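If you read the sequence from its start, that first residue is 1, and numbering goes on from there. These numbers come from a predicted model, not from an experiment.
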Amino acid sequence: MSNKIFIFDTTLRDGEQVPGCQLNTIEKIEVARQLEKLGVDVIEAGFPISSPGDFNSVVEISKAVTNPTICALTRAVKKDIEVAADALKFAKRGRIHTGIGTSPYHIKYKLNSNEDEIVERAVAAVKYAKSFVEDVEFYAEDAGRSDNAYLARVVEAVIKAGATVINIPDTTGYCLPSEYGEKIAYLVNNVPNVDKAILSTHCHNDLGMATANTLAGVVNGARQVEVTINGLGERAGNTSLEEVVMAMRSHHDLDYDTSIDTKQLMKSSKLVSTLMRMPVQANKAIVGRNAFAHSSGIHQDGVLKNRENYEIIDPAEVGVEESSIVLTARSGRAALKHRLHVLGYTFEDEELNDIYNRFLDLADKKKDVADEDLEALAGTERIKEDRSIKLESLQVISGSSTIPTATVAVSFSGDVFTETASGNGPIDAAFSAVKNLVKRKVHLEEFLIQAITRGSDDLGKVHVQVEHKGKTYYGFAANVDIITASVEAFLDAISKIG
Ligand code: KIV
Ligand code: ZN
């Protein structure tokens with residue numbers, strides 16, 4: 001059996017089902033492109049029959065992304081499968097993911113059916129999907145609570161019908177790792193044609209065991225794992241991509257291989273968290289703010305002597321620049337000396353003692369001591385050069401009987417420039433003023449304003465897509481003033497032009 005584990009990312013489908021996490025098409029494309037950079041094998045881009053927005057996202061992601069297979073979800077229903085096939089028409093490699101419930105709960109209470117009929121419906125769905133695409137994945141919903149012998153019967157039948165991948169979801173997050181591992185092992189040992197398909201894990205985290213269950217599935221023969229960035233997903237979430245990948249990378253004894261570029265993990269996590277407005281818990285494994293932060297004096301001293309004393313992963317491996325030594329009242333001289341050294345200051349012991357005493361006084365009053373505090377303590381203020389492009393002020397005149405005019409002041413690396421322009425509306429006028437200021441040929445390709453909730457006093461979210469010399473740049477901003485948000489999003493995109 002090969003040791004390659006295929007990474008199937010469902011952030012844009014199962015992850016996006018989380019209330020409040022819905023993304024528009026531009027945002028989904030941005031995530032999909034990042035997932036491609038990350039190196040996932042499959043992107044589950046949506047459930048096309050569920051809404052025109054989902055259908056459109058699958059179409060646009062299929063166009064925007066080249067390397068990963070694009071997968072579309074369906075129920076075991078003809079119309080779903082037809083719509084999914086249509087949405088996948090631009091995919092270089094398209095996969096239909098169809099399935100039906102196989103647990104006693106689903107068969108009786110959800111589908112009002114019986115075991116024989118479910119097998120028939122599963123086989124018919126796979127055969128129908130197969131008439132559109134070669135790559136068909138079948139999911140046995142609630143497999144976690146399904147009887148293993150019945151599950152084996154369903155799996156054998158759908159593989160015979162042409163399924164290339166078989167997904168065994170622990171839909172309710174019920175299984176224990178030993179139980180889930182045994183389920184996969186049972187299928188490996190009792191489905192005669194199992195070698196004709198890849199078994200896939202799909203675990204939910206209701207009991208906090210999604211990662212453990214996924215690894216148990218892999219150890220017992222699954223060769224695809226269904227995961228999401230930051231573990232986003234229904235209820236308590238899905239298996240987190242970064243946890244599974246780093247568990248495999250860190251345990252060389254497991255000898256599994258994925259195509260993930262782990263240096264892209266932090267960037268992917270931040271992008272998904274920002275766009276989905278789902279903060280990552282500080283102590284989240286791998287990508288949490290504290291995942292590589294050391295605050296106790298003993299640990300800080302140990303890490304400074306040798307990182308591996310207290311870290312099993314080199315932060316650089318997951319795209320984090322360095323372990324952080326959080327300076328608090330519990331930090332020792334070694335940590336303070338190190339931080340000052342990083343900031344460019346070296347002190348003799350006596351001077352350091354003096355700074356250390358003043359540092360302890362300050363740390364008793366403040367929770368964390370920041371670099372700026374240290375610089376003040378060290379008696380020097382570093383002059384920071386601000387290289388960013390920033391909106392300094394914006395004034396617009398608009399109304400039914402006036403020509404919309406905007407005056408925009410923007411700072412470039414700290415120097416402020418002002419420009420006034422008119423347009424066919426206040427945003428058009430402000431954008432014209434910005435274009436005059438940046439003196440670059442930028443073409444606005446997409447512009448989208450959304451309210452985050454519902455009220456007229458709500459924050460407006462603005463996404464823009466601009467083109468410069470054949471390359472596309474995305475910008476985002478949120479503000480209670482939609483014209484300000486628009487200009488900030490425009491500047492955000494422009495600031496990304498190299
Ligand atoms: O959790 C689940 O069972 C699912 C299926 C639709 C694949 O997400
Ligand atoms: Zn799921």
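A salt bridge links K28 with D54; the closest basic N to acidic carboxylate O contact falls under 4.0 Å.
Taking the six-membered ring for Trp and thresholds of 30 and 60 degrees, H299 and Y310 have nearly parallel ring planes, at less than 30 degrees apart. The aromatic rings of H202 and H204 sit tilted, their planes meeting at an angle between 30° and 60°. Taking the six-membered ring for Trp and thresholds of 30 and 60 degrees, Y139 and H97 have ring planes more than 60 degrees apart, a perpendicular arrangement.
For the atom pair OG of S269 and CD of Q34, the computed distance is 10.5 Å after rounding to the nearest 0.5 Å. Here the straight-line distance linking atom OG of S486 with atom NE2 of H463 works out to 11.5 Å at 0.5 Å rounding.
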Full working for side-chain hydrogen bond (donor to acceptor under 3.5 Å, both in side chains) between S146 and T102: CA-CA 6 Å; S146 300; T102 53; 2.8 Å; yes
Would T211 and T239 satisfy side-chain hydrogen bond (donor to acceptor under 3.5 Å, both in side chains), going step by step from the backbone distance to the final call? CA-CA 5 Å; T211 298; T239 307; 5.5 Å; no
Passes side-chain hydrogen bond (donor to acceptor under 3.5 Å, both in side chains), E117 versus S113? Steps please. CA-CA 7 Å; E117 194 182 276; S113 183; 2.7 Å; yes
Chi angles and distances behind the salt bridge (charged side-chain N to carboxylate O under 4.0 Å, His left out) call for K130, E134: CA-CA 6 Å; K130 206 71 188 171; E134 187 42 44; 3.1 Å; yes
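At most 12 non-hydrogen atoms from other residues, nucleotides or ligands lie less than 6.0 angstrom from CG of N112. Within a 6.0 Å radius of NZ in K78, other residues, nucleotides and ligands contribute 12 heavy atoms or fewer. In the displayed structure, R235 atom CZ is contacted under 6.0 Å by more than 12 heavy atoms of other residues, nucleotides or ligands. More than 12 heavy-atom neighbours from other residues, nucleotides or ligands sit within 6.0 angstrom of NZ on K63. Dense packing is recorded around OH of Y150, with more than 12 heavy atoms of other residues, nucleotides or ligands lying under 6.0 Å away.
Geometrically, K4 engages F6 in a cation-pi contact defined by less than 6.0 Å to the ring centre and at most 45° from the axis.
For the pair S259 (side chain) and G39 (backbone), a donor-acceptor distance under 3.5 Å is present. Formation of a donor-acceptor pair under 3.5 Å by the N205 side chain with backbone atoms of A210 is found in this model.
Counting only N and O atoms by type, the side chains of S240 and K284 include a donor and acceptor under 3.5 Å apart.
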